Amino acid sequence: MTAAQVPWAAWLLFAAPVTAILFGFFVMRRLKPEWTHVPILVSCAVVTASAFWLAAEVYTGHSFDLNLFRFAEAGTWAVDFGLRIDGPGVAVLAMVSFVGSLIHLYAAGYMKGDAGFSRFFLVFHLFFLAMIGLLTANNFVQLYLFWELVGVASYLLVGFWFHKESARKAALKAFLTNRVGDFGLLLAVLLIVLQFKITHFHLLYLKAASGAAFELLPVIGVLLVWAACAKSAQFPLYFWLPDAMEGPTPTSALMHAATMVTAGVFLLVRSWPLIAAVPGLPHLIAWIGAFTALFAAIIAGTKKDLKRILAYSTVSHLGLMMLALGLGQVGVALFHLIVHGFFKAALFLCAGNIAHALHQPTANVDDVGGLQKSMRLTYLSFLLAAFSLAGVFPLGGFFSKDAILDAAWHHGGGLAVMGMLVAAGSAFYIFRMLFLAFYGARPEQKRAPHAHEAEPILGVPVLFLALGAAAAGLLKGPIERFVVMGWHGMPSGLPGLDVVLNLPGEPFLPHLNLTVAGLGTFMAALGALAAWRLTMSDPGFDWRWRGGALEAAFESDFGWKTFVDGFASAVSRLAGFTGKVLDKGGVDGLVEGTSGFARAAGAAIARSAQGRVNDYLWWMLAGTALLLGRVLR
Amino acid sequence: MSHPLTILWAAPLAGAVVCAVAGSRAKYAALGFSALFVGLIAALGFAQGSNAALAVVNEIGPVWSYGISYRLSADSLSIGLIGLTAFLNLICVVASWELEVSPWYWACFLALASALTGVFLARDLFFFYVFWEATLIPMFFIIGLWGSSNRLHAAVKFFLFTFAGSVFMLLALLALVSAHHRVSGVWTWDLAVLDASALGSAAPLVFWGLVLGFAVKIPMIPLHTWLPDAHTEAPAAGSVMLAGVMLKMGVYGLLRVAMPLFPTLSFDALPVLGGLAAFSTIYGALCAMAQTDLKRMIAYSSIAHLGFCLLGVLSRTSQGLAGGTLQLVNHGLTTGALFLMVGFLYERSHKRGLADFGDLASRAPYLAFFFGFSTLASVGLPGLNGFVGEFMALSGALAALPILAFAGVLGVTLAAAYALPAFQAVFWAPAGPGSVSDKVTDLDARERAVLWTLSALMLWIGLAPRPWLAYFEPALRGLVR
Amino acid sequence: MSLTAVVWATTGSLFSFGLAIVVFRRQLLAMLLGLELMLAAVNVSLVHHAGLFDDAEALAVVALVIAVAAAEAVVGLALILRMRRGGRGADAALLTELQG
Amino acid sequence: MTLMPMAPQAALAAGVLGTLSLGLMRRPPALALRALAVASIAGAMLLAVGTPAGGYASAILLSDAKSVGWQYLIYLGALPLALWLDGTDDVLTALFLGATLGMSLLAAAANLPMLFIALEFMSLPAYLLVARSRPGARGLEAAIKYFFAGGVAGALFMLGLSLYYADTRSLAASAALSPLGQAGAGLMAAAALFKLGAFPLNWWLPDAYEAAAPEVSGFLSTAMKSAAVLFLMRLCELAPEAGFIRLLPAIGAATALTGAVMALRQERLQRLFAYSSVANAGLLIIGVGAWALAGRSAEGVSALLFFLGAYAFMSNGTFAFIRFSGLETRSQLKGRGAAVPAAAAAFTILLFSLGGIPPTGGFMAKLLLLWRAVDAGLLWPAAAGALSALISLAYYLGMVRDLWFEKADESASFRPAHGASLVVACAVGVLLLGAAPWLMSSLSGGLTR
């Protein structure tokens with residue numbers, strides 16, 4: 001397969017956003033900044049069309065993986081860049097482009113009138129381009145390039161309202177945490193280059209499948225997991241995501257719910273054959289996922305700010321995806337990733353509408369209440385998305401979550417129990433949010449200003465997303481086929497690749513198992529009941545535990561946030577020490593000291609003869625005596 | 001032209017003389033000669049690129065007394081670095097166009113460019129040393145006459161520090177030449193003829209003498225404390241040339257003199273030299289975090305960046321050498337741009353502190369864009385030039401001595417920890433009580449043009465580094481172990 | 001004891017005595033005498049060895065040394081007289097303006 | 001036709017006599033005195049060029065390559081002072097020509113007694129020169145210190161000579177030396193080291209150079225230093241087995257380091273350059289040591305000759321600047337660059353050259369000298385020499401910094417006299433010497449091949 005045979009849609013994926021950004025930056029920004037979004041929305045449409053077209057191509061078995069150009073070369077060492085349009089990639093790409101376009105449309109309405117409108121859209125679309133690049137890269141170095149670009153875009157967007165102190169802090173925290181994760185990915189890529197001499201995914205799959213033992217593989221595997229944990233906000237490095245809510249809602253919806261945070265999971269999907277070859281590593285991923293899911297679900301239930309609840313919910317669902325991956329269910333993880341993209345984006349946009357209606361950057365649980373009647377459309381969308389998240393039967397969320405619970409159940413043991421608890425937990429926090437926001441007037445909420453329904457440009461995208469979330473269950477079949485297409489039927493343009501590959505990872509989703517589905521729905525119902533009990537029937541309860549030691553624990557994520565802040569201040573103290581004491585005092589002191597030493601030596605010699613003739617003569621005598629002494633010895 | 005290389009270093013020198021006497025029209029003469037210099041080096045570079053026979057242009061003069069001969073040669077490494085010198089020199093002339101300075105300002109810059117070209121062309125160790133020292137004189141006057149408040153101390157410290165290193169380098173060269181004479185009976189300073197086997201047991205002493213001279217210039221960690229002072233006190237254009245090219249003389253010295261003469265010794269020294277280089281990436285980043293002066297922070301970041309160049313070069317692997325050498329050029333562009341912008345800020349407000357500015361993103365959007373762009377390049381964002389050099393250097397270091405690469409990657413991570421908070425303090429944070437942000441007007445057309453060219457180059461090297469790597473490759477082929 | 005030993009004894013003692021005067025006395029005039037004494041001591045040894053080795057050239061050297069000693073005395077006295085005329089007296093201890 | 005062997009010396013003697021006879025007149029014509037001084041120096045130089053190397057040798061006097069070469073140095077060192085003398089003080093001129101005659105006699109001295117005589121012949125006028133060159137008591141004080149130190153050194157030399165004679169029966173060259181002879185040679189070497197200003201025998205030097213007029217200090221630091229170097233070299237030639245030769249590198253290193261360190265703390269310019277001359281003397285002693293230990297090769301001689309030639313330009317140039325500018329301390333230097341740009345630029349070039357910065361003559365001189373040391377295997381003394389050069393650069397650069405980078409305080413009066421052209425001439429000389437390798441080869445096989 002040669003570059004000419006690459007379908008034009010693949011070129012358009014990149015050409016459209018690049019031209020839109022350049023056109024926007026050089027032309028629109030000067031002429032009509034408030035219309036910057038027009039070329040960008042056109043590019044979104046083009047990208048979505050191309051993505052769906054490519055999805056159809058892959059669905060009919062025409063996926064491809066091809067080197068386009070040699071990026072860098074030195075002697076035998078070389079890195080090529082290329083395109084890989086295969087099942088998993090194009091599936092996520094389709095979701096990202098569809099959800100992304102809707103959010104772009106939403107953002108056009110949401111951000112209207114903001115001073116940095118054009119800056120927002122340019123960076124927003126830069127992120128969109130970076131995400132496309134990440135999903136279609138065919139080797140680790142190219143993936144790392146777009147991986148970092150996504151991190152920078154998130155930094156610029158979280159810190160969009162940079163006059164706010166909290167936004168600046170959150171942006172820096174997000175970027176530095178991602179950098180810590182990228183430490184792992186950069187080292188992993190370097191080790192891969194060292195160990196295998198190549199970086200193409202597919203050729204690495206061949207090597208992994210060949211069963212040979214590679215001593216560096218475990219280290220590479222762990223580092224990849226470390227990087228994924230940072231980007232997909234898993235346990236040790238998740239704390240940046242809740243703070244990233246400082247960014248505008250479209251950013252939270254697109255990046256910190258649907259697309260960017262899934263990059264970590266996608267990295268593990270892309271490098272799955274390498275990770276599966278390391279005994280015990282998948283199990284580690286499963287346990288990290290499960291623990292994070294449960295941990296985040298509990299905290300989500302205690303948050304006050306609507307977007308923070310959804311942020312912890314995202315952390316929890318990413319944990320579920322990791323759990324699925326850890327159990328070898330690549331298909332299930334992908335399916336949940338796509339479904340989650342729909343309903344989480346919808347929930348975020350609903351929260352955005354509520355905040356927009358209250359004319360605040362973000363809405364707090366105390367400010368909202370009884371919006372059921374005044375914001376009908378948003379309420380309907382929220383309802384659909386919330387039920388899908390909780391895993392109510394006909395909706396998409398049920399199928400993807402059920403698949404995960406089924407996998408966990410069959411694995412049995414701790415994971416199964418945690419899976420069920422997470423099901424309950426997620427139902428609890430989403431229904432709590434539903435009741436607090438839309439039902440019954442809380443006595444303390446009366447002072448909230450009169451909320452009115454969002455204008456159509458905000459409402460319609462939300463509705464589409466909610467419908468998507470609802471109907472996502474139907475995608476079960478195509479997703480399985482895509483995942484299969486990703487591994488098995490793989491004609492490719494890569495050099496020296498002809499064999500069809502049987503790679504580890506179960507592409508097919510488990511069939512519906514009544515006991516698991518029943519138990520899952522029961523736990524969800526239990527969660528919803530608890531939410532009803534704690535918010536509606538006993539109105540004061542929600543605020544009873546505030547202010548106590550319990551709230552301090554919940555606020556600081558059981559002490560993890562204080563630990564992280566302590567670590568950060570330790571690093572800056574170390575820097576202060578190195579910069580001031582070690583460098584200025586120590587090394588520089590030594591240097592300035594030598595000139596002082598020379599002057600002191602001069603003074604000492606000068607003192608030995610204060611200009612008296614006799615001293616001069618005495619010194620001459622001593623000198624001659626010394627000379628004679630040495631000569632005669 | 002019978003003597004292409006002589007004209008290459010003589011032209012800027014002639015320009016310096018013309019500028020010195022040109023009085024009020026000195027800056028136009030400087031612009032003319034700088035453009036001529038860029039033209040000359042570009043012509044030679046393209047001629048060399050297109051025609052393999054010209055891979056190495058030699059110019060061998062008669063042998064004079066004491067075994068000294070006027071011997072110049074230019075392979076792709078030299079031409080590349082001279083190209084960087086010429087380009088940055090032109091950028092400096094354009095960037096300091098509005099300054100009211102005496103004609104000697106332009107004369108010093110052209111003299112500096114000429115001396116630097118001499119260093120990169122010389123193949124006779126005597127001339128290498130003469131040009132090496134000669135670069136100190138113009139920079140001494142640039143810092144001393146046009147620097148900022150504490151320039152006196154910084155200028156003398158800069159000169160003395162570098163001279164201290166190079167004096168011991170001179171002794172090493174003398175020992176090498178004498179040993180060669182004792183064995184072969186011929187007095188010669190020619191790099192190609194001299195071989196270090198004649199030194200026998202004294203070889204390590206001579207090797208470390210040479211390395212000491214180069215290490216001060218790079219600078220390597222314990223010998224670096226002249227750099228922050230010199231950079232902070234030098235005028236903007238001075239810092240650009242100092243960071244952009246003069247730091248590269250040290251690494252070039254290693255590549256051209258120390259490693260070819262002592263192949264085994266230089267590789268055995270990898271744990272020590274490589275260790276220092278890797279440590280400097282972390283140490284530089286930590287020190288940069290602790291700075292409150294913008295220019296001092298960028299100076300410390302240069303120490304970290306040069307650490308990567310060294311890591312790559314010392315690993316003696318093909319990708320390490322290519323990455324390290326490319327990083328020399330990258331650092332010149334990125335840090336050059338950063339220093340220029342700090343210079344523009346200093347021109348407008350006579351302030352350099354992080355706390356002195358605030359909320360510049362809204363007041364000077366173009367400055368914010370370019371500063372952000374260069375900061376990301378210096379932090380090593382893939383897609384920009386910093387990443388390519390660092391990635392290949394680390395890959396080389398990993399193949400040679402893995403522990404170095406671990407430290408290097410930690411250095412890459414720490415880079416963001418000092419660069420972004422500084423960016424935020426200056427551009428995003430609200431203007432503090434004592435801030436001078438209202439004095440800061442946005443960049444004018446001239447300044448933007450300069451920064452557009454630098455940014456375009458950063459993007460080009462970042463996205464398509466292959467032609468640049470291919471250009472340097474023939475000169476580095478000999479050094480791969 | 002042999003004559004040579006006696007000569008060395010006298011030369012050594014005279015020379016060290018002269019040296020002691022020059023180094024430890026503060027009177028400039030006395031120091032000048034010390035100088036002359038040292039040169040005279042050397043002549044003793046030279047004359048003896050010239051005779052021993054029957055070498056006329058060494059005797060010529062003795063004559064030259066005497067001439068040089070005289071010249072030295074002239075210059076020394078000239079300087080010391082300038083000092084006294086300047087009203088500062090001939091005390092070495094006063095001469096400490098130049099130092100450091 | 002071969003000129004009379006001692007023609008240069010004869011010319012100088014004539015000059016001395018002429019000056020004294022002119023002095024007899026009631027009002028000695030100043031112009032004539034000046035012309036006579038310059039003529040005798042220039043005449044001696046031309047005659048020296050005429051004398052064939054190795055053309056004459058007797059028991060007492062000889063004229064070999066070294067003696068001719070060193071005469072060039074002596075007359076080169078003396079010429080500036082001849083130009084500075086304004087002819088008003090005939091005694092001063094006579095003393096100056098007398099001292100120069102003594103030095104040129106030393107250049108031609110063949111055996112040890114002649115060396116002693118020449119040593120005294122050049123020292124005695126020097127004491128008076130220091131006393132008389134500048135009004136005020138400081139000159140006298142310095143002269144007295146110089147006199148007594150010189151006297152003791154002369155006495156030590158004679159003691160050494162007597163011991164040496166007693167041991168070897170010869171007043172000139174000798175083969176093996178018993179301990180008695182070694183002691184003798186050691187004492188004689190002490191006298192030479194005193195004259196050169198080696199540590200710790202050099203306390204007299206800073207006082208003398210500070211008190212004397214700058215141009216006289218220039219003369220002493222160049223011409224007399226060259227003579228002293230040759231004096232030490234002759235000793236090494238006459239007593240090759242002497243023990244003191246292997247100590248020379250150590251003594252040189254100590255002198256170089258102490259000279260540089262002491263100069264670092266000086267505020268008065270003349271005293272600073274006095275210690276700088278001590279530091280350079282240290283390097284020269286290392287050079288002589290390297291030459292003597294490496295079989296007294298011609299390259300060693302050429303390195304020493306080149307160093308002394310370059311130093312003649314540098315030292316005379318710097319002292320000429322002090323004389324021209326009338327500045328006495330470093331703080332007075334501040335900001336004076338702009339006022340007298342040409343002289344200040346020349347002074348800056350001379351300072352860079354003294355510091356050993358390429359492309360100046362000073363750099364070539366230090367390079368050649370250190371090269372000889374390294375070639376003779378004297379690594380640590382060479383390192384000490386390099387360190388001393390580094391320390392010296394601190395105060396040379398400091399002066400350049402004061403000259404150009406500081407602000408001048410307008411209150412102090414600054415009336416530069418005449419003589420800037422001499423400073424510029426010296427600077428040009430230094431730059432020419434910087435291009436020595438090219439110059440030497442194009443002159444095809446000069447003395448220093």
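All of these numbers come straight from a predicted model, not from anything done at the bench. Residue numbering restarts at 1 for every chain, and letters A, B, ... go by the order of the sequence lines.
You'll find the ring centres of B:F427 and A:F162 outside the 6.0 Å limit. When ring centroids are compared, A:W147 and B:F387 stay outside the 6.0 Å threshold. In this structure, B:F369 has its ring center closer than 6.0 angstrom to the ring center of A:F25.
Between A:D182 and B:T413 the shortest side-chain heavy-atom distance does not fall below 4.5 Å. A 4.5 Å side-chain heavy-atom check between B:L463 and A:F71 finds every atom pair outside the cut-off. Side-chain contact between A:R168 and B:P430: present, with at least one pair of heavy atoms (C-beta onward) separated by less than 4.5 Å. B:H153 is listed as a side-chain neighbour of A:E592, based on a closest heavy-atom distance under 4.5 Å. Within the 4.5 Å cutoff, the side chain of B:D359 has no heavy atoms near those of the A:H163 side chain.
Using cut-offs of 30° and 60° on the angle between ring planes, the pair B:W452 and A:F26 is tilted.
A:L149 pairs with exactly one of B:L381, B:L384, B:L376 by the side-chain contact (heavy atoms from CB on, under 4.5 Å) rule, that one being B:L381.
Of the possible polar contacts, one joining the B:S318 side chain to the A:A74 backbone as a donor-acceptor pair under 3.5 Å is found. Between the A:R179 side chain and the B:V412 main chain, a donor and an acceptor come within less than 3.5 Å of each other.
One distance of note links CG of A:L191 with CZ of B:F406; it measures 5.5 Å at 0.5 Å rounding. Rounded to the nearest 0.5 Å, atoms CG (A:L145) and CZ (B:F391) are 10.5 Å apart.
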Before giving the answer on side chain to side chain donor-acceptor pair (under 3.5 Å), spell out for A:W77 and B:S395 the whole-Å C-alpha distance, their side-chain angles and the decisive distance to 0.1 Å.
CA-CA 9 Å; A:W77 186 94; B:S395 171; 2.9 Å; yes
